[in-house]
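Chain identifiers are assigned alphabetically (A, B, ...) following the order of the sequence lines, protein sequences preceding nucleic acid strands; residue numbering begins at 1 within each chain. Computed over heavy atoms, backbone and side chain alike; hydrogens, waters and symmetry mates excluded. Everything numeric in this text was worked out from a predicted model, so none of it was measured.
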Amino acid sequence: MTGRKQKIAICWFRRDLRLADNPALCVALDHGVPVLPIFIDDQGQDGQPQQGGASNVWLHNSLAALHKDLNESLVLFKGTPRAVFEQLKAEFELVAVHWNRMYEPEAIARDKALKQWFADDDVEAHSHNGSLLFEPWTIEKKDGGPYKVFTPFYKKGCLNAEPPRAPLKAPQQINAYEGKIDGAASLDELNLLPTRDWGKSIVEGWDISEAGARARWDDFAENGLFNYKEGRDLPGKPFVSRLSPYLHFGQISPHQLWAALDHYSQDRNVEHFRSELGWREFSYYLLYHFPTLPKENFQPQFEGFTWAKDELRVKRWQQGKTGIPIVDAGMRELWTTGYMHNRVRMIVASYLTKNLRQDWRDGLAWFEDTLFDADLASNSASWQWVAGTGADAAPYFRVFNPVLQGEKFDPEGEYIRTHVAELRDVPKSYLFAPWEAPKEMREKYGLDGTKYPEPMVDLKKSRQDALAAYDAHKNARAEAKESEI
DNA sequence: TTTTGAGTTGTTCGA
DNA sequence: GTCGAACAACTCAAA
């Protein structure tokens, strides 16, 4: 190549797959040179984690949509960011590189090293805040340490802090670099879709794009928000936002939602939805300050607690064949749609960790693989919360009774019937605990295990066993402590 | 340093 | 059927 290299600025898309309210994109466009929008798939490389199957399906569709929104100018790569940037640096004069921050421990390590590398090479590189309302390092207790309880974190820490910025408008025009780039990959070459058909069926009903995120919000604002505080507990009703996968991949930002909520009267429903965004912040905050959150019990007193390791139990839970209707409905919703209603997530998590006494990490791994919205921060914080090992966790004796939960939150059985076909015709009086149905009814509907399985474990006994296991652990610890003295 | 009040989402038991 | 108490202490946050 002769002459001077072409000047460009790079906007590195990651977990911010949108044009509106995208600080990195806005600033990249300000340099007055063509912007090269790129995405790098570095899963499994250089210590970066592998994303789950459902997440990759979502990502595939997101990238296709973003490419379209960018007038087909998005350039994809597979490999390590370092290698990609080395190549781009050889080919172009990099005026600046911009990205929006990620907060997983491995991502932080990667980005930190890259920043140093850019600094050593005199390339301007800047990270921006695109996905959190409050940066984790800005919220601290009076004594300077991190909060471990949600309410003071949210009320004192967040609500008294500098308010989140107003969302940025989408750029009116994008001066994108449109030449050919060596080493770029096609979307198919990223191989994000699974080989089985599963990838096709789960995307039904989702518009996986920035416009789709908008539409989802509009629909929720009109039909769910006004009834959110109580309605969000009813899995058979459309009162939850279902925005979580869009938030995870950044097709919509929390700033956009936070600001949009200002347009409504600040009643308890709006307050509650805001606080759910607060929970998302809290999860990221915990992961930032306690990076072992996905791997180790947050509460150290659970060290050495033994879970009843049983692969068959985990497998039947995954397949939605536990014999507990609301649990099976949830697990099947997850498998067939890539999503599970929040109330049911708690029920199935409580059932796995308490009634089946399986390690919360097994549940976490399954959710990571099958949820569209699999988000390391929220997922680890929430599993630990249910298991009782987490921050601000439920007391150990709080074991959900899935029969009562079903009767209370899915009273007409709509949710169960939607997801567990075998139970569609079972009368309501036995829908939540089919093992209690009279013999002839059990035979008629195949509730004796011919169509629908009998319960894996007795609910009452397994509850007592869980409480006993906790007690035993506590006593063992107390004794160990005593013998130290 | 000590003290005080509080802590997302539940269940069971007995009056 | 409804209601309050018990479940078990412990940690956190702030005064």
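Looking at heavy-atom distances under 4.0 Å, A:F397 makes contact with a base. As judged by a 4.0 angstrom heavy-atom cut-off over every strand, A:L467 is placed among residues making no nucleic acid contact. Looking at heavy-atom distances under 4.0 Å, A:E140 makes no contact with the nucleic acid at all. No engagement by A:V386 is indicated, since no non-hydrogen atom pair under 4.0 Å with the nucleic acid exists.
Counting to the nearest Å, the C1' atom of B:dA6 and the CZ atom of A:F153 are 18 Å from each other. The distance between atom CG of A:N269 and atom C1' of B:dT9, rounded to the nearest whole Å, is 16 Å. Separating the CG atom of A:L404 from the P atom of B:dT12 is a distance of 6 Å, rounded to the nearest angstrom. Spacing between atom CZ of A:F290 and atom P of C:dT11 amounts to 14 Å, rounded to whole angstrom units.
Salt-bridge formation is detected for the pair A:D465/A:K461: a Lys NZ or Arg NE/NH1/NH2 atom is positioned less than 4.0 Å from an Asp or Glu carboxylate oxygen. With respect to A:R361 and A:E368, no salt bridge is recorded, no charged nitrogen being found less than 4.0 Å from a carboxylate O. A salt bridge does not link A:E104 with A:R14: every distance from a Lys NZ or Arg NE/NH1/NH2 to an Asp or Glu carboxylate oxygen is 4.0 Å or more.
Distances shown here put a side-chain N or O of A:Q405 below 4.0 Å from the OP1 or OP2 atom of B:dT11. Here A:Y147 reaches the OP1 or OP2 of C:dA14: one of its side-chain N or O atoms lies under 4.0 Å away. In this model, the phosphate group of C:dA14 is not approached by any side-chain N or O of A:K142 to a distance below 4.0 Å at OP1 or OP2. The side chain of A:R398 places an N or O atom within less than 4.0 Å of a non-bridging phosphate oxygen (OP1 or OP2) of B:dT9. Of the side-chain N and O atoms in A:N401, one or more sit less than 4.0 angstrom from OP1 or OP2 of B:dT12.
Using N1 to N3 plus N6-O4 or O6-N4 for Watson-Crick, or N1-O2 and O6-N3 for G-U wobble, each under 3.5 Å, C:dA14 pairs with B:dT3.
For A:S462 (side chain) and A:L459 (main-chain N/O), a donor-acceptor pair under 3.5 Å exists by modelled atom type.
Annotation for A:E443: atom CD counts as buried by contact number, over 12 foreign heavy atoms lying within 6.0 Å.
Residue A:R232 has its side chain nearest to B:dT9 when only B:dT9, B:dT12, B:dG7 are considered.
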